Number of protein chains: 2
Amino acid sequence: MVTIYDIAKKANVSAMTVSRVINNKGRISEKTRSKVKRIMEELNYVPNEMARSLVLRETQVLFLLVTDITNPFFTTLARGAEDAANKLGYRVLFGNSDESLEKEREYIDTILKSRVDGVLVAPAGDGSLPHLESLRAHSVPFVLLDREVPGIGSDVVLGDSREGTRMLMEHMMGLGHKEIALVNGTPDVSSARLRATAYKEALKLNDLPAPAERILELGYAPRSSLARIGEWLDGLQPLPTAILCGNNMMAIQTIQAIRKKGLRVPEDISVCCFDDLGPVGEIDPFLTVAAQQAYQFGYKGMQLLTGRIADKENEDGEDAWTRILLPAELVVRRSVADLH
Amino acid sequence: MVTIYDIAKKANVSAMTVSRVINNKGRISEKTRSKVKRIMEELNYVPNEMARSLVLRETQVLFLLVTDITNPFFTTLARGAEDAANKLGYRVLFGNSDESLEKEREYIDTILKSRVDGVLVAPAGDGSLPHLESLRAHSVPFVLLDREVPGIGSDVVLGDSREGTRMLMEHMMGLGHKEIALVNGTPDVSSARLRATAYKEALKLNDLPAPAERILELGYAPRSSLARIGEWLDGLQPLPTAILCGNNMMAIQTIQAIRKKGLRVPEDISVCCFDDLGPVGEIDPFLTVAAQQAYQFGYKGMQLLTGRIADKENEDGEDAWTRILLPAELVVRRSVADLH
DNA sequence: TTGTAAGCGTTATCAT
DNA sequence: ATGATAACGCTTACAA
């Protein structure tokens, strides 16, 4: 491996001079600068970032931990995060916890060991608390995405679950739906709690009943919950006329389960959900959704994170946590039937 | 930051002893081992991987560089790669070149600087040659995914573009299609070349004409080629009855362009393509595809890569390059009309 | 403008 | 079974 010493020797200068050339620091004569540069080219020199980070105590690497890499919400979010990070010269590593607290724990350990400069986390759930506490204990700046975790303060970028749910519910009720079911994330996830509450609120506000059995709690990344959704539907006395889903992936499974019964969407049962479907969804704009600004989750989250890191370096006073609430947009398509 | 010296001091041992406990190396009395472990817990010690990698000259980090992170083919591939890597204790970093040679160059530089142990690359095109040569020059093991690059030898995992195209073409021709157009990647990408050739072969074999204007060359990640596809279609004298697309993303755009003209798929024009659509596509299994084994691309590619790394460490003789050809599977759905 | 010495946190090597 | 020392490749602080 070629090191600054190899360069230095060949250029008849000291390693420090080479280092200065590399980092454009200090005053250096144009003559030596160009000589050193030429030799670096010749020798095909590539700086060793690890050695550099070891002394600088910063890696210029940020980490993005999501809960489902196959969900377009998160891939779009990832692009936003990457764009914001690259603008500031940071690189981004990605990890996928698959909604699993164990996998999340492993990633957190990895993050700690590799001295990453900061982390953007979509926490798997309230059980993520100890993981976040680890980050805090080792003073690794982090920003929460999409979900909050009771018990720990931090910057956070959230979707407006309450208002999004309200829009979706009003849309369905406006079209005459009264028996509306909910397929939701488990209540150990903040966004699922908010959506469940808003769902019940909306029904109550319209004097509609909200029987408990009309709520199905699934993980947010139900790779194969088809069967469970099917059984749940079988158990519902009058079938709901519409189903609200906590996210896009659950909506897809729900639609499949409905069709598997020989029923149609939206003719027999309507479906709508949080989060849009990304480019693949464009092939047939069918699903009515409360579209969240996935890209902005990543972009703004990354801005918060890099801001924190800068503050830390400048020893600025710890300001209060920032909380960004991103509005959802109702995108009406064809998956909710008009009952009138 | 807590270091092994802090642990050592508190435990009244040397740093080396602590290091040995951490890595389970050498013989250590059970007494000191447990004492050291206890103190590590107390002090909340986390090893510094950078210092470790600096002396070990290995990072246990592998890199996966894809060309389009919003394409489900690559997210599925990523899961395969990650699964294979994690089994062997490697971590995986992801990068997204967005089909751009410049972005790819930046990632390659980053990879070189960070002394990653190996790289899995879906090259942006033939222009990736210098990038791969850089990797080789610095003896960073790499495995090519999905595309080959003339001028450099390496392990590679490829889809069977020839046979896949043949299947798709036979399917369309079997249903009576004679005017079949091709929306394809640019010819600086090996898979696009193969597909174009096989497309022409299939037509020739059936004594069908293959006018040049029936081929449209786009980038593989056409975020917004809608307009171009529309104009191209406008210029075609008799509209084709069917269009073969080089990948899923191009198929989506093609379908949108067709519909924008007020035409229907498949009633007016049929469409099929390479690569399936992932979970989101399940919402409406519409598109007929030559499904590639995306997960296996990642899994097998990672196995090749880690195998190479192991060989390198063991100073094994360089065996010839391995070339894995993954078959595609024809999945017939509803996007190709029966003309009989 | 350039160089010297020390140190970042870890492990390999050689001693004891 | 444990320790002292040097080294990994780089940068900071200080000196010349």
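Keep in mind it's a predicted model, so treat the numbers as computed, not measured. Reminder, nothing fancy here: chain letters follow the sequence lines and each chain counts from 1.
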Ring-ring centroid check B:F297 B:F74, cutoff 6.0 Å: no
With a 4.5 Å cut-off on side-chain heavy atoms, are A:L112 and A:S134 touching? yes
For B:V13 and for B:R57, find the nucleotide of DNA chain D with the closest heavy atom, then tell me which residue's nucleotide is more 5'. B:V13
How many Å lie between [atom1] on [X] and [atom2] on [N], as a whole number?
{"X": "A:E30", "N": "C:dT2", "atom1": "CD", "atom2": "P", "value": "10 Å"}
{"X": "B:R52", "N": "D:dA7", "atom1": "CZ", "atom2": "C1'", "value": "16 Å"}
{"X": "A:I22", "N": "D:dC10", "atom1": "CD1", "atom2": "C1'", "value": "9 Å"}
{"X": "B:L112", "N": "D:dG9", "atom1": "CG", "atom2": "P", "value": "15 Å"}
{"X": "A:K9", "N": "D:dG9", "atom1": "NZ", "atom2": "P", "value": "13 Å"}
{"X": "A:N12", "N": "C:dT2", "atom1": "CG", "atom2": "P", "value": "13 Å"}
{"X": "B:L54", "N": "D:dA7", "atom1": "CG", "atom2": "P", "value": "14 Å"}
{"X": "A:R27", "N": "C:dG3", "atom1": "CZ", "atom2": "P", "value": "17 Å"}

Taking only residues two or more places apart in sequence or in another chain, which ones pass side chain to side chain donor-acceptor pair (under 3.5 Å) with A:R323? A:E148
May I ask you to decide whether [X] forms a salt bridge with [Y], counting only side-chain N to carboxylate O separations under 4.0 Å?
{"X": "A:E99", "Y": "A:R147", "answer": "yes"}
{"X": "A:R105", "Y": "A:D109", "answer": "yes"}
{"X": "B:E41", "Y": "B:K37", "answer": "no"}

Between the protein and nucleotides 12-16 of chain D, which nitrogen or oxygen pairs are less than 3.5 angstrom apart?
{"unit_1": "D:dT12", "atom_1": "OP1", "unit_2": "A:K25", "atom_2": "NZ", "d": "3.3"}

Shortest side-chain distance from A:T3, nucleotide among D:dG3, D:dC10, D:dT2: D:dC10
Measure from the side-chain heavy atoms of B:Y5 and tell me the nearest of C:dG3, D:dT11, C:dT11. C:dT11
I'd like to know if the side chain of B:D98 and the backbone of B:S100 have a donor-acceptor N/O pair within less than 3.5 Å.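 Side chain of B:D98 to backbone of B:S100, a donor-acceptor pair under 3.5 Å: no, none is there.
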For B:K31, is there any backbone N or O sitting under 3.5 Å from a side-chain donor or acceptor partner on B:S34? yes
Given DNA chain C, 5'-ward residue of the pair A:G26 and B:N23, judged by closest heavy atom: A:G26
Using a 4.0 Å heavy-atom cut-off, does B:I28 contact any base of the nucleic acid, only the sugar-phosphate backbone, or nothing at all? sugar-phosphate
Within the 4.0 Å heavy-atom criterion, would you say B:T32 contacts the bases, only the backbone, or no part of the nucleic acid? sugar-phosphate
Please list, by residue number, the residues of residues 39-51 of chain A whose heavy atoms come closer than 4.0 Å to an atom of DNA chain C; answer none if no residue qualifies.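 Of all residues in residues 39-51 of chain A, none places a heavy atom under 4.0 Å from DNA chain C.
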Going from CG on A:L120 to CG on A:L93, what distance comes out if it is rounded to the nearest 0.5 angstrom? 12.5 Å
May I ask you to evaluate whether A:T17 reaches the phosphate of C:dG3, defined as a side-chain N or O under 4.0 Å from OP1 or OP2?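 Yes, because at least one side-chain N or O of A:T17 sits under 4.0 Å from OP1 or OP2 of C:dG3.
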So, is B:S14 near the phosphate of D:dA4, with a side-chain N or O under 4.0 Å from OP1 or OP2?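 Checking B:S14 against D:dA4: no side-chain N or O falls below 4.0 Å of OP1 or OP2.
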Regarding B:N48 and A:R57, do their side chains bring together a donor and an acceptor under 3.5 Å, going by distance alone?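 Result is no, nothing qualifies.
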